[in-house]
Structure formats: structure tokens, C-alpha cells
Amino acid sequence: VWDKSENGDWHCTASWKTHSGSVWRVTWAHPEFGQVLASCSFDRTAAVWEEIVGESNDKLRGQSHWVKRTTLVDSRTSVTDVKFAPKHMGLMLATCSADGVVRIYEAPDVMNLSQWSLQHEISCKLSCSCISWNPSSSRAHSPMIAVGSDDNSPNILAKVQIYEYNENTRKYAKAEALMTVTDPVHDIAFAPNLGRSFHILAVATKDVRIFTLKPLRKELTSSGGLTKFEIHIVAQFDNHNSQVWRVSWNITGTVLASSGDDGCVRLWKANYMDNWKCTGILKGNGSPVNGSSQQGIFNASLGSANTSLQNSLNGSSASRYFFPPLDSPRAGSRWSSHAQLLPPPPLIEHSCDADTDNLQYPHPRRRCVSRPLNLLPENEGV
Amino acid sequence: KDQDIYIQTLRKLFNESHGIFIGLQRSDEELAGKSRRAQLVQVSKNYRSVIRACMEDMHQAAISTRDPALQSQYSTQVSILSAMELIWNLCEILFVEAAAAGPLLLRLLDWVRLHICDVDNMVREVLSSENPSKHELFWNVVDVFVLQGRMDEARHLLSKEASANPTSVNMYKILDDLMKKMPMPSLGNTQTLTEMELKWQHWHEECQRYLQDGTFASNSHMESICKILLGDEDAILEKKELMTTWYHFLVTRLLYSCPTVKPMELRFYAQSSMDLFLGGESSPEPLDTILMAAFEFEMHQVIKECSIALSNWWFVAHLTDLLDHCKLLQSHNLYFGSNMREFLLLEYASGLFSHHSLWQLGVDYFDHCPEYGRVYLELHIERIPLNTEQKALKVLRICEQRQMHEQVRSICKIMAMKALRNNRLGSALSWSIRAKDAAFATLISDRFLKDYCERGCFSDLDLIDNLGPSMLLSDRLTFLGKYREFHRLYGEKRFSEAARLLLMLMTAHIAPCSFWMTLLTDALPLLEQKEVVFSAEQTYELMRCLEDLTAQKSNKQKFQDEDVETTKVEMLRLALARNLARVIVKEGTLEGS
């Protein structure tokens, strides 16, 4: 576990070996529940961890302590993903396993993290690799979970399934399958919902794909109220030119980040016409790909604390919006002619007053000028 | 330290432009026509003034720093800022002020004079020399003045030349006269366009005559000036280095060939000016494309090009917002008009949220985005790191002002959890009260009571004493408050009140059963007082409570400290019996009253 210090540096404050196999994923619970982590592993277990506030010395030495609150041992195969549900659903988490079973657990007492009960077991028929909860807390949306599969056997089965909670049967049932996704899926992520009626889902497979799922009128079948969706693919990018392993949304669901076997992180953004484009490429060490950031010179020379400021003014690679950036200004170009715009220290005090009329200059037509006052003997002899 | 200046400068820019933005949003939309326009022009000037101030500070930083890398960074920032001001200024003239034919040229002349400063040094040098007319750059400076339409200054310089060169006095007089008489558009209503055009035509013909007569033939400099006055493109183009940019060339051309140019005609002159000036040697740069789009009145294109070239949200967000207030984006029938404004503002404000203090500015921007502003704010505000209580309170205030109840609840819950984990019960309690979280308040009250049982004293007395009406949030909390009040009354020796309260806590079932033993134990000292405190009635009540308690206990599992419990019960029974005896006697005795 890494903590960010006051000056913006990250320090490793805790490190412990506990699983008896590779740890596949870790995820944070919402801070409303305290400092809580969940991990899942090849050793067929998932675990929930809580930070214990130790001696005050520890904080000074930069150490934090984590205790295991519970181990979830129901799975008979490697547990490939673990995700907490949105906080409005209480303290709940879902795991998925290589044998295709998705399990949903709940801790009825949020203050007691050692008591979790298995609420649902969903059999997905295909080996699961990833899950994502729909974060929407709108009453119009039932709890929903997307499951991705990395099943490698040659078939054309849909590798993304959507399960929705049915209020009547009190069970999760399959609502939809994305038939167009037939390659192994490595990651899946619902975007934060901005009050939209439809959902946005990003899929990491052999390329990056973004789908919209628009709920249609609920069908009144005998089981009652299972939503049907209108599915559209709004973006598909193979820029990574290799397997895409992870996808992740920003806070507002307006920027998607993807990582792939090409060792790059790519950022995707939609303009106000809803066209998705790549707005940035980062190499593994965080540096922008050559030519991909005009303001790279700014980002490099100042520390991280200050880049946010200049990013607001000069834009960050994530805000590149329409086209790949242009070359940086050449010396001798008309850009640099403006660098000589301001003469050496002016003789006037330039106040930061927004009211420019208060600045006194002899020439009646000049406004907002910061030039020496004695530039011209204005009215002499004329 | 150098970096501090840089950061401070940018922050000032953001803060001040924020103030202007808010002022604009709140400005009087009721004003119409000229007054509204004047208002909007003033706003535009304010923005430009802020950009210039930032530029100045940045320039100062550039010349005072020793570090060459920083210097180059600051200088680049200055160029970018000055380009922004150049573009904004042009947009102000063409879009916000919407200068009409006549004033349009005057504004453009101002614009050029303001932004072409490459020649300033040269001008200064010549003017300050002992004998300006002998200076090798003398004629360059005169040309500069002519090209920028600064007739008075040009004439003034020429007079020096005339006095130094008696032979050319005649030529000078004629040229001076021509320059003096040159008709210029007026800002006021002193002449109509037609009048001006007529005058100008006559004047133009007069210049033509003098040129053709060979009046200036002996002095190539004066002849070239005369050609310029006649709007001869080649003559003007010869002075390329003095103009440095195609848009200077454009304005000079307009001045001397079409001073009453209409706004919509600008595009043709602009395109040809750029072509002639660049002459196929170099291709247009981003700045050129932006300015061209402005001359073509393609507002959307301007914004788009700025977004690409400047790659910065601050500029396009504020400019687009201003243009939207001028009702320009809508009138162009772009269906995304105000959506674009909101889109850009959302982007800019989102960027601010990544900064530890500028996020507060972002809040106001979101407030003025009617469609998505609120939800963006909700999402961003939950992610602000709440490292200190002050910050949390600040964030809370913002949420409360906007009735963002869920966010208030969530933030309070997070803070309460944090406090609880760090065993700061008082803080946890006040946060859960603020969150109106009854369940959590109950939990924390239980912890308080547990603490009391273990340690025999309360922590955070101030908080509990001053709960006030929030005590009612949860039963347990009410009990905690009242129990503390009991202790206070006891401490103030107000025994009968304390006694009454104690009894009420049990009989009104405010106290949880688990606590009754403690309460009864608390009653002991009251029973042992010299003065009888409990009345007979009350004593019977107490006895009943004790019996209820022991009856319950015998049904439940055995307690660990059974001996202690039994002893306690024995002591209580004894004390109650003794008190009963005393009080019966006391109540039975006839007093003097």
C-alpha cells in the first residue's frame, strides 16, 4: 500500500505476503466504510483487509498496519476479480472465478467487517476474468453487473454478459450479452453515470471498445421486469496494436484510459459531438510519446504539484481534443515575435486593476499599454 | 523561488478571471442594445487586462531568473499569453464590439499599434539621438509611423528633416500637407461614411497628381511614402520588415485603399493580404489560421483552432462564454452553441479541481453550467482529499449551500469514520450529528458509555454538554446527554434534581437495560447522603427497577464477576431499604410547615 505525503511523493507504507498464489487484483471500498481493501488471488480466495490505526510512531515512520478481516473461500478455482458494489448498495462485493462463477457477498453490519454472507451465486458458463458494477444510483436503474470472459476455446460465444438484479425474484438474471465481443476480454468498466438514462461500458479485449446500453421499456414477462437494452458500439480503437489489458474511467466518465501490450497508456475522450478520439499517449515511464504533447516542456520541468496549474492554462495531454498536437513554436516564428512584445521594465506601475481606464497614458487611443511613458514627445511642436 | 512566482502569476490569472466571469454571469441581462454592448466590451477589456498583467509578471520572472531552462519556459509562456491577448483583442473588435465600417478601421489600427512592438527599440533609438534626421534609421522610423497611420508623429519627424535640409522644404511642405489633410473615419457622428468616402476620394486624387507630377522624384524616401499614401501594394510590401506580420500589412492596406471597409469585406482583404505577404515562402502558422478565421467571422472555427493550437481550456472557455453572452453563438444557428460553452467550461473547471485550492473557483464555474454543472460538481466534490477538518468544513459548506444532501451525508460519514478509527470519539460524534446519521450516533454513544464504564469518566465533555436539540438524533445519544447532565447536577450538588433525572432515565426507558446496573450504582451515593434525597415513591420505583434487573439477569447467562454483582445488589438492597426507612419517617413526621 502506498501513501501520498504532503509534498506529493508516494511512499510504500505497508507490504505483506499473505496469499499462497499470485494476487490478481486489489480494490478499495468507499471511504465511508473506513480504509478497506479487498484482494483476490490464484489461491482460490478473496480477502478483505482493514487498516488499523497503530501507535502514533508508526505514522511518523510512515507505516500503516492492515489486518485481514475475512477470507472468502467459496471458490474452487482461481478468483480473477473482486469489486465492491456502489456505496448506495451498502457494503457488498462481487468476486468472479475461473470456473465461471460470480459470487456476491454482503456485510450486513458495516462496522463488523468479519461477517460476510454469500447472497448470490451466478453461474456464467464461461470462465470469468473481470467484473464491473454499474455505479448508477438512480432509482430507475436496478443493480447491474457486467462480467467479462477470457475463455480461449474457439467459439463465438459472447464474452461480455450483463446481469441485472430482479426485484421480484430477488435474484440476478442475465439481461444481455454483447454478441459482437467474441475475443477474450481482459477488463471491463462501467462509466460513472452523469444522470444519463443509458449506460456506457468500456471493454478491454484485442482492442478498446466502448458501448452504450440504452434501457428499453421493461418487458413484462412472467418473471417480471427484466430490462431489454439497445446496444451500440460508439468507439473501437486498435491503436495499441496488441492486447488491451486494462480500462479505467475518470471521475466524470468523460475520459477513458487504456493500457496494452505495446507498453502504452492511451487516453480517449469524446468531443461535444460525441465523437471519440485519442487525446494522449503515455509510455510506461509516464513520459509522453514523442510529439504527443506540445506542452511536454512544461510538464517535465515543474513538479507534479504545479502541473495541475499549468495544465489548466496550457492543457494537459489528456485535454488534447481534436487532433494530435502541432510542433512547438520555432524560434524566429511569429510566436517568438510576441516574446519581444514587452519592453524592459516599464516606467509605470502596472496595477492589476481590472479597470483599464484608470491607467493614464497620454495617447488618447492607446489602451492597456505597458510602455514607457516617455516614448514620444507627444504634442511637442505639432 | 522562481517557480513560486510562476505559480503565483498563474493563480492570479485564474483568480482574477474567475471574478470577471462571475461578474459577467450576474450582469444585468435586462440591458439592451448599446448599453449592454458597452457592458460586454468592458468585460472583454477586463479579461485582456488580466492577461496583460499576467504577461508582465511572467516577463519579470523571465528576466530575473538565472536558470536558463526556467527562463525559456517563462518566455514561452509570455509568447503564448501575448498571442492569446492578440486574438482576444481582435475578437473583441470584430465580435463583441462589432465595430461598424469606419470605427472598424480605427480599432484595427489600434490593435496593430498595440501588438507590433518589434520596432519600438528602433523608434526610441532614433528619437533619443542628438540629430534624429541624420540617424541611419531615420526614414525607417518615418515609414513605421506612416504604415501605422501615426500621421502626427510622422509629420513631426519629417519637420526635423525639413529644417536640416532646406533644399527639400518644398517637398516637405507638400507631403506634410497631404498627411495633415488625410481623411480618417471618425468615432463620433461628425460625418457619414459617404461624406468621408467623398473626401477621401478627392484627397486620393490629389496625392495621385503630385506623384505623377514628379514632385517627390528627387527623394526616393518621400516618393515611397507618397506611394504608400496612395495604397500602392508593392510600395507597402517593400516595407515588409517594418510590418513583420501579414495582418499589419492588411490593416495598412485597408487604411490607404479602403478606410471605410465593412466588416463582412474583411475576409477578402485578409486572405489576399496573407497570400501577398507570405508570398509562398512560408506557410501559415497556427496563429495565422486563428486570426484568419476571425477575419472571416467564423467564430466556431476560431474556437476550434484555439483549442488545438493553444491546447488550453482557460482561454477558449472564457472567450466562448463571453461570445455566448453576446448572443453570438446562438444567432449563428449552431445547434451546439450553448452546449459548446458549457462543454468548455466543464473542461476548464474539472481541471481546476485537481488543484488543492483552486478547486473552489471550479465550484462557481459548475454553478453556471445549467445542464451538467451540478452533477459534475457532485462527482468532483466527493473526491476532494479531506486532509484537514477545515477543508472538510469548507467543502461541506459548499454542499449545504447547494442542497447536495447526499454529498453532505457522505462527507460527514467519511470524516466520522476517520475520527472513530483514530479513537477521537468527540469528533466522530459531531460529524455523525452533522450527517444526521442516527445509527452511527448510536454506535458512538455506546462507545462513549463503554469508555465511561471502563474508565469512570467522560471524554469530550464539552461536546456532550452542548449537544442541545441534536441530542434527539438517537435514543442512545439522548441518554448519553442526559446521563452526563446527571453527573453535572451531582457535581453541582443539586441532588434532588439529579435523583429525579436518574430515576426518569430508567422509568422512561431512555437508558438501555445494559446500563441500568451502572445507574443504580450511581444512585448509591445519593442514597447514602445525610439528607434524604429520594422520596418514598421514588425509592419504591428504584426497588422495582432493581428487581426487574435481577429478574432479567437470572434468565440470562451468568456474568463473569458474579461475586461483584451479588455484592453490588446486596449493597443496593441495603441502601434502598435504609433510605426507605428514613424517608418514611421523614415524610410521616409533621413538620412545622
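Proteins come first, then strands; the chains are lettered A, B, ... in the order of their sequence lines, and each starts at number 1. Side chains are part of it too, since the values below use all heavy atoms of this structure and drop only hydrogens, waters and symmetry mates.
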Taking B/Lys418, B/Lys413, B/Glu378 one by one, which has the highest count of heavy-atom pairs under 4.5 Å against chain A? B/Lys413
Counting only non-hydrogen atoms closer than 4.5 Å, does B/Ile411 touch chain A with its backbone (N, CA, C, O), its side chain (CB onward), both, or neither? neither
Considering only heavy atoms, which portion of B/Leu443 lies under 4.5 Å from any heavy atom of chain A: side chain, backbone, both, or neither? side chain
Expected list for residues 379-386 of chain B: side-chain donor-acceptor pairs under 3.5 angstrom, two or more places apart:
residue, atom, partner, partner atom, Å
B/His380, NE2, B/Ser350, OG, 3.3
B/Glu382, OE2, A/Lys87, NZ, 3.4

Before accepting this row, confirm whether a basic side-chain N of the pair B/Arg421/A/Glu50 lies closer than 4.0 Å to the acidic partner's carboxylate O. no
For A/Trp2, check ring pair (Phe, Tyr, Trp, His ring centres under 6.0 Å) against everything at least two apart and list the hits. none
Which atoms of B/Phe353 come close to chain A, meaning under 4.5 Å heavy atom to heavy atom: side chain ones, backbone ones, both, or neither? neither
Top contributor to chain A interface from B/Ser410, B/Ser128, B/Ala416 [non-hydrogen pairs under 4.5 Å]: B/Ser410
May I have the step-by-step check of side chain to side chain contact (heavy atoms under 4.5 Å, CB included) for A/Thr254 and B/Tyr376, ending in yes or no? CA-CA 10 Å; A/Thr254 47; B/Tyr376 265 65; 3.0 Å; yes
When the 4.5 angstrom heavy-atom criterion is applied to A/His30 and chain B, the contacting part is side chain
Would you find more than 12 non-hydrogen atoms of other residues, nucleotides or ligands less than 6.0 Å from A/Phe190 atom CZ? yes
What are the two closest heavy atoms between A/Glu32 and B/Met417, and how far apart are they? O-CG, 3.1 Å
